[in-house]
Asker: 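Questions regarding the structure given below will be posed in turn.
Nothing here was measured: the structure is a model prediction, and the numbers come from that model. Counting begins at 1 with the first residue of the sequence.
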Amino acid sequence: MIPVPSGVRVWLAVGRTDMRRGMTGLALQVQEALGRDPHAGDLYVFRGGRGDLIKILWHDGLGMSLYAKRLEKGRFLWPSPADGVVGISAAQLAYLLDGIDWRNPRHTWRPTSAG
């Protein structure tokens, strides 16, 4: 799991991304297409066309990191294709990385009756 400190903003780069891009190409995409600073400490999440691979770009203040995850089965749930970014919480990112619907996670427990 990525050690995401609390308070870090997480951005999904909506649409399809060429997953052949590495750290430099994705940082350039953050600057030019998204109009943001890739060195500001935010996490940027990119998904390819097939939907089974994501890459996460993060500058932690010391250096740039690039994480990748491929699902063996299924696809990562993604916002409808459009340009721009969508902000999500670190908890929603954890759901996304586990292949859970981050938009509407549901509790599996049932409250017990008191008494």
Side-chain angles (χ1 to χ4, degrees):
M1 183 63 189
I2 299 170
V4 180
S6 62
V8 170
R9 293 180 295 189
V10 180
W11 303 100
L12 302 181
V14 297
R16 294 179 177 181
T17 298
D18 181 355
M19 298 311 272
R20 295 174 293 182
R21 288 185 172 195
M23 196 178 305
T24 306
L26 292 173
L28 190 61
Q29 182 176 338
V30 169
Q31 276 185 301
E32 293 182 350
L34 306 179
R36 299 187 180 268
D37 180 7
H39 300 95
D42 297 343
L43 267 126
Y44 294 94
V45 186
F46 304 89
R47 188 184 89 152
R50 290 192 342 214
D52 65 341
L53 175 65
I54 61 170
K55 289 186 177 181
I56 301 172
L57 185 70
W58 181 32
H59 193 283
D60 64 0
L62 299 174
M64 189 78 69
S65 298
L66 181 63
Y67 300 92
K69 182 168 185 176
R70 183 181 310 273
L71 291 177
E72 297 289 326
K73 296 179 183 176
R75 294 178 166 191
F76 291 104
L77 294 173
W78 213 245
S80 60
D83 291 332
V85 294
V86 171
I88 64 171
S89 69
Q92 287 173 314
L93 175 62
Y95 285 127
L96 174 73
L97 291 174
D98 285 340
I100 298 171
D101 186 351
W102 56 271
R103 301 165 296 180
N104 190 21
R106 299 197 184 260
H107 291 286
T108 57
W109 57 272
R110 295 177 189 252
T112 58
S113 58

Asker: Any idea which heavy atoms bring Val86 and Pro79 closest together, and the distance?
Answerer: CG2-CG, 4.1 Å
Asker: Looking at Leu77, is its backbone amide N or carbonyl O close enough to the side chain of Trp102 to form a donor-acceptor pair, meaning the two atoms are under 3.5 Å apart?
Answerer: yes
Asker: State, yes or no, whether a side-chain contact exists between Val45 and Leu93 at a heavy-atom distance under 4.5 Å.
Answerer: yes
Asker: Is Phe46 close to Arg21 at the side-chain level, that is, under 4.5 Å between some pair of heavy atoms?
Answerer: no
Asker: Do the side chains of Tyr95 and Ile54 join up, straight or via other hydrophobic residues, at under 4.5 Å, putting them in one cluster?
Answerer: yes
Asker: Calculate, to the nearest 0.5 Å, the distance between atoms CD and CG belonging to Gln92 and Asp101 respectively.
Answerer: 10.0 Å
Asker: Please check if the side chain of Asp18 supplies one atom and the backbone of Arg20 the other of a donor-acceptor pair under 3.5 Å.
Answerer: yes
Asker: How about Val10 and Ile56: do any of their side-chain heavy atoms sit closer than 4.5 Å?
Answerer: no
Asker: Check the hydrophobic clustering (I, L, V, M, F, W, Y; side-chain heavy atoms under 4.5 Å; chains of links allowed) and say if Met23 and Leu34 are grouped together.
Answerer: yes
Asker: Do you know the tightest heavy-atom contact between Ala68 and Leu53?
Answerer: CB-CD1, 4.4 Å
Asker: Give a yes or no on whether a salt bridge exists between Asp52 and Arg75, defined as a side-chain N under 4.0 angstrom from a carboxylate O.
Answerer: no
Asker: Can you hop from Leu28 to Trp11 via hydrophobic side chains spaced under 4.5 Å?
Answerer: no
Asker: If you define the side chain from C-beta out and look only at heavy atoms, does anything of Leu12 sit under 4.5 Å from Ile88?
Answerer: yes
Asker: If I compare all heavy atoms of Leu96 with all of Trp78, which pair ends up nearest, and what's the gap?
Answerer: CD2-CZ3, 4.0 Å
Asker: Can you see which heavy atom on Gly48 is nearest to which on Met19, and at what distance?
Answerer: CA-CG, 3.3 Å
Asker: Could you tell me if the side chain of Leu43 sits less than 4.5 Å from the side chain of Leu57, heavy atoms only?
Answerer: no
Asker: Between Glu32 and Gln29 (side chain of the first, backbone of the second, donor and acceptor by atom type, cut-off under 3.5 Å), is there such a pair?
Answerer: no
Asker: Taking all non-hydrogen atoms of both residues into account, name the closest pair between Pro38 and Gln31 and its distance.
Answerer: CD-CG, 3.4 Å
Asker: Between Arg47 and Phe76, is there a donor-acceptor pair closer than 3.5 Å when you use the side chain of the first and the backbone of the second?
Answerer: yes
Asker: What closest approach, in Å, do Asp42 and Trp58 show between heavy atoms, and which atom pair accounts for it?
Answerer: O-CD1, 3.6 Å
Asker: I'd like to check Arg70 versus Arg50 (side-chain heavy atoms, cut-off strictly below 4.5 Å). Are they in contact?
Answerer: yes
Asker: Within the structure provided, determine whether Thr17 and Lys55 are in side-chain contact (heavy-atom separation under 4.5 Å).
Answerer: no
